[in-house]
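Before any comments, here is the structure.
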Amino acid sequence: MFNYTHFDDSQAEFYEIGPADLPNGERLFVEIGDKPIVVFNLAGQYFALGDVCTHDDGPLGDGDLEGNHIVCPRHGAEFDIRTGKVMSMPAVVDIPAYPVKVQADKIFVGIPKE
């Protein structure tokens, strides 16, 4: 899992995904390379997660938001959208969290360099 809370910009390649006009509480689905990603706007802060639940590889991004957690719509596993950390079973493995920058009114998501 990529932890962007202790992050150096040189560790990732940033990709523009769109204008920074995503309404509060909304999400945007994108694919960067072969990675499905969901980007959230929570009170003006943007967060990006892998859009795949680690419990059964199903889509996660359509799940309900409960505070800072997203609840998987298939089996109810919860993840912290700020870090990707698993918060409840049946998942036991964290999901990838990606750094997000807003520059010149555009959203950029960072993918770790290989």
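Side-chain atoms of Asn41 do not come within 3.5 Å of backbone N or O of Gly25 as any donor-acceptor pair. Put simply, the side chain of Asp94 gets close to the backbone of Val86: a donor and an acceptor are under 3.5 Å apart. Formation of a donor-acceptor pair under 3.5 Å by the Thr54 side chain with backbone atoms of Val93 is found in this model. Judged by distance alone, the side chain of Ser88 and the main-chain N or O of Glu78 form a donor-acceptor pair under 3.5 Å. A donor-acceptor pair is defined here as one N or O able to donate and one able to accept, closer than 3.5 Å; such a pair exists between the side chain of Asp51 and the backbone of Gly61.
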- Query: Between Tyr15 and Val109, is a side-chain contact (heavy atoms from CB on, under 4.5 Å) present by the stated rule, with each step listed?
  - Reply: CA-CA 5 Å; Tyr15 296 86; Val109 173; 5.6 Å; no

- Task: Evaluate the side-chain contact (heavy atoms from CB on, under 4.5 Å) criterion for residues Tyr46 and Val102: first the C-alpha distance (whole Å), next the side-chain angles of each, then the deciding distance (0.1 Å), finally the verdict.
- Result: CA-CA 8 Å; Tyr46 292 92; Val102 175; 3.6 Å; yes

- Message: Is there a side-chain contact (heavy atoms from CB on, under 4.5 Å) between Val52 and Ile95? Walk through the geometry before answering.
- Response: CA-CA 7 Å; Val52 179; Ile95 56 175; over 6 Å; no

- Worked verdict on Ile70 versus Leu60 for side-chain contact (heavy atoms from CB on, under 4.5 Å): CA-CA 8 Å; Ile70 186 163; Leu60 178 64; 4.1 Å; yes

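Closest heavy-atom contact between Cys72 and Pro59: SG-O, 4.3 Å. The nearest pair of heavy atoms linking Cys53 to Ala77 is SG-CB, 4.3 Å. Annotation for Leu42 and Gly67: closest pair CD1-O, 4.0 Å, computed over non-hydrogen atoms.
To the nearest 0.5 Å, atoms CZ (Phe79) and CD1 (Ile81) are separated by 13.0 Å. Taking CG of Leu22 as the start and CZ of Arg27 as the end, the distance is 10.0 Å to the nearest 0.5 Å. The structure places CE of Met89 at 13.0 Å from NE2 of His75, a figure rounded to the nearest 0.5 Å. One finds the CZ atom of Phe40 at 13.0 Å from the CG atom of Asn24 (value rounded to the nearest 0.5 Å). Note that the CG atom of Leu28 and the CD1 atom of Ile17 stand 5.0 Å from one another [nearest 0.5 Å]. Atom CZ of Phe14 sits about 13.0 Å away from atom CD1 of Ile107, to the nearest 0.5 Å.
Each of Ile32, Ile37, Val39 was scored for a side chain to side chain contact (heavy atoms under 4.5 Å, CB included) with Tyr98, with one residue passing: Ile37.
Counting heavy atoms from C-beta on, the side chains of Lys106 and Pro19 never come closer than 4.5 Å.
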